[in-house]
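Worksheet for the structure shown next.
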There are 2 protein chains.
Amino acid sequence: MSDTRERILEAARNAFSEKGFDGVSVEEIAQRAGVRKALIYYYFPSKEILFEEIWNNALEELEKHIFREIENENYYVKKIKRFLKAYIDFVTSRKILSKVIERERPAVLNTSTEESETTWSRLKERYDVFVDKVAKLIEEGKQNQIVHPDVDSKAAAKLIAQVMSGSSATEAIQALILRGLMKES
Amino acid sequence: MSDTRERILEAARNAFSEKGFDGVSVEEIAQRAGVRKALIYYYFPSKEILFEEIWNNALEELEKHIFREIENENYYVKKIKRFLKAYIDFVTSRKILSKVIERERPAVLNTSTEESETTWSRLKERYDVFVDKVAKLIEEGKQNQIVHPDVDSKAAAKLIAQVMSGSSATEAIQALILRGLMKES
DNA sequence: TCCTTTACTGACTGGTCGGTCAAATTATGA
DNA sequence: TCATAATTTGACCGACCAGTCAGTAAAGGA
């Protein structure tokens with residue numbers, strides 16, 4: 001029920017989206033939240049764990065937004081078009097969450113999965129789960145003969161997930177990827 | 001003809017590509033280069049300026065690699081195919097440079113161009129120059145009726161420049177983007 | 001009322017950060 | 001040879017870092 005906890009998360013999201021994990025101090029998050037630094041450690045055991053919650057939450061929101069939109073669509077041409085549209089919608093309307101993901105993705109993906117149970121390896125695994133879900137959707141499109149047979153589902157999913165591009169012309173990107181994906185337009 | 005200077009640059013490149021600008025200390029760069037920290041400040045006025053040299057050099061190498069490959073090709077279908085191939089070549093063969101760009105791009109692009117003469121605004125301007133060159137190439141492809149008329153050149157250039165993807169399946173990405181770009185395959 | 005739990009704070013720690021500087025070392029060339 | 005310049009070093013600085021902790025304040029329930 002803690003409103004304070006939410007304020008801290010919100011402040012941290014904004015800070016991380018602007019400056020990245022290493023570029024933000026816990027003190028700065030505290031000031032943005034209007035709270036003393038020690039209080040952050042009352043709600044979160046470490047800066048890393050705080051970031052982990054934000055990261056997981058961002059991906060959860062993204063997945064919810066996308067898959068809620070396409071679950072009742074069984075015609076695969078529409079399904080994939082809607083998927084891309086929902087994805088672009090998210091990127092343009094939930095800019096802070098998108099920026100958090102965009103900003104820290106290189107660091108997260110650079111983590112070796114072998115590192116047992118570090119925070120960063122967990123973040124990577126979570127991201128991989130998301131990419132796999134997108135890959136599965138594209139793969140289904142291929143099996144339904146909608147997606148071009150030469151498309152590598154996993155590679156295409158990675159490409160799409162990479163497009164968190166700051167601001168402009170995301171619809172144009174959507175159209176380009178769609179044309180690259182489909183058998184014919 | 002200082003060999004030491006090169007050693008520092010090389011060590012810094014490796015460090016920045018693995019951990020990002022904020023994740024690397026000058027002390028760590030010094031140790032990797034087998035040099036005392038103070039010596040780095042003999043060759044470079046600041047950590048930021050050191051990074052600026054690496055960033056600019058990476059983009060210069062990338063541009064050289066790409067445009068050397070396509071300058072003598074006037075048939076635009078081949079020109080754009082060769083361009084994509086050269087780009088993928090660079091990303092797979094010059095991994096450290098690619099990683100430096102990939103890792104710090106979100107931070108660089110997040111900089112407002114208005115910030116007069118900060119290091120980061122200069123890095124952004126340099127990156128924008130590169131994207132503009134790619135956009136110009138695609139635009140020419142459009143005018144030669146090779147690239148699909150609906151393609152937004154600037155947006156497509158941004159998308160391509162974003163693909164520094166760690167490792168795998170870059171050829172598959174190349175094929176997908178090519179299909180999205182071209183009028184017909 | 002008093003007591004337990006929850007929320008919050010200030011002051012602090014050990015360590016690291018980017019950066020400086022006087023002095024030492026090594027090369028240069030007259 | 002000797003002076004001058006280029007290169008390299010260790011010792012140091014103030015600022016800041018993530019994280020700790022004893023203790024205060026505020027609720028809430030009996």
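Sequence lines set the chain letters: A, B, ... in the order given, protein chains first and strands last, and positions in each chain run from 1. These numbers come from a predicted model, not from an experiment.
Every pair passing side chain to side chain donor-acceptor pair (under 3.5 Å) that includes a residue from residues 78-91 of chain B is listed here, sequence neighbours excluded: B/Glu73-B/Arg82.
Side chain of A/Lys37 to main chain of A/Val26: no donor-acceptor pair is present (N/O by atom type, distance under 3.5 Å, no hydrogens or angles). Proximity of a side-chain donor or acceptor of A/Glu104 to a complementary backbone N or O of A/Phe21 within less than 3.5 Å is detected. A donor-acceptor contact shorter than 3.5 Å links the side chain of B/Arg105 to the backbone of B/Ala161. Side-chain N or O atoms of A/Arg103 include one that pairs as donor or acceptor with a backbone N or O of A/Glu18 at under 3.5 Å.
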### Task
For nucleotides 23-28 of chain D, just jot down a letter per nucleotide in 5' to 3' order: B, S or -, based on protein non-hydrogen atoms under 4.0 Å.
------

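Within residues 34-51 of chain A, the residues that have a heavy atom under 4.0 Å from DNA chain C are, in order of number, A/Arg36, A/Ala38, A/Leu39, A/Tyr42, A/Tyr43. Across residues 15-33 of chain B, B/Val24, B/Ser25, B/Val26 each have a non-hydrogen atom less than 4.0 Å from an atom of DNA chain C (numbered order).
For A/Tyr75, the OH atom counts as loosely surrounded, since its 6.0 Å shell holds 12 or fewer non-hydrogen atoms of other residues, nucleotides or ligands.
OP1 and OP2 of D/dT7 both lie 4.0 Å or more from every side-chain N or O belonging to B/Ser2.
Closest approach of A/Val163 and B/Gln162 over heavy atoms only: CA-OE1, 3.5 Å.
Close approach of DNA chain C to chain A, defined as any atom under 4.0 Å from a non-hydrogen atom of the protein, starts and stops at C/dT6 to C/dG10.
Residues A/Lys19 and B/Asp22 fail the side-chain proximity criterion, which asks for heavy atoms closer than 4.5 Å. Side-chain contact between A/Ile101 and A/Phe130: absent, with no pair of heavy atoms (C-beta onward) separated by less than 4.5 Å.
Below 30°, between 30° and 60°, or above 60°: for B/Phe51 and B/Trp120 the angle between ring planes is between 30° and 60°, a tilted geometry.
Between A/Arg126 and the options A/Glu60, A/Glu63, A/Glu53, a salt bridge (Lys or Arg N to Asp or Glu O under 4.0 Å) holds for only A/Glu63.
Remark: A/Phe90 pairs with A/His65 by the ring pair (Phe, Tyr, Trp, His ring centres under 6.0 Å) rule, at least two apart or across chains.
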